[in-house]
Amino acid sequence: MSFQAHPWFREACVRCSLLRPDPELRARLVEIRENLIARIVEAKREGWLGEVEGLQVSLAGAEEKLAQLDRKPAGRSVVDLGIPTIVAPTVPWT
């Protein structure tokens, strides 16, 4: 996932469950999360309840993206699927 999009759309990026975060952009995702927390505090202080709700949805998305990054293994590993075997068909009438 790239967080280089226009700032208006960055919350949409963290809300989208289909987009997978880029591990190289983890620091940017942390920055977005911290900004969302500050905006929630401000919105609560100002009484902007609708804004608080939307920001909390975005915050949950950002935290989920960070959790996805933390769950991913550090490196990719190779999985041995084995070599398929071909079994000759049996003919029942012979």
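The first residue in the sequence is number 1, and the count goes up from there. No hydrogens, no waters, no symmetry mates; every other heavy atom, side chains included, goes into these values.
For the side-chain contact (heavy atoms from CB on, under 4.5 Å) test with W48, the passing option among K44, E46, R45 is E46; the others fail.
Linking Ile, Leu, Val, Met, Phe, Trp and Tyr whenever their side-chain heavy atoms come within less than 4.5 Å leaves V57 and I37 in two separate clusters. With hydrophobic clusters built from ILVMFWY side chains whose heavy atoms lie under 4.5 angstrom apart, V30 shares a cluster with L55.
In terms of heavy atoms, V52 sits closest to A43 at CG2-CB, 3.5 Å. Heavy atoms only, all atoms of each residue included: Q68 and L19 are closest at OE1-O, 4.3 Å.
Put simply, CZ on R33 and CG on L66 are 5.5 Å apart, with the number rounded to the nearest 0.5 Å. Atom CG of L69 sits about 9.0 Å away from atom CG of L25, to the nearest 0.5 Å.
Ion pairing between R39 and E34 fails under the 4.0 Å rule for side-chain N and carboxylate O. Comment: D70 does not engage K65 in a salt bridge, judged by the lack of any side-chain N to carboxylate O separation of less than 4.0 angstrom.
The environment of CD in E63 is crowded: more than 12 heavy-atom neighbours from other residues, nucleotides or ligands sit within 6.0 Å.
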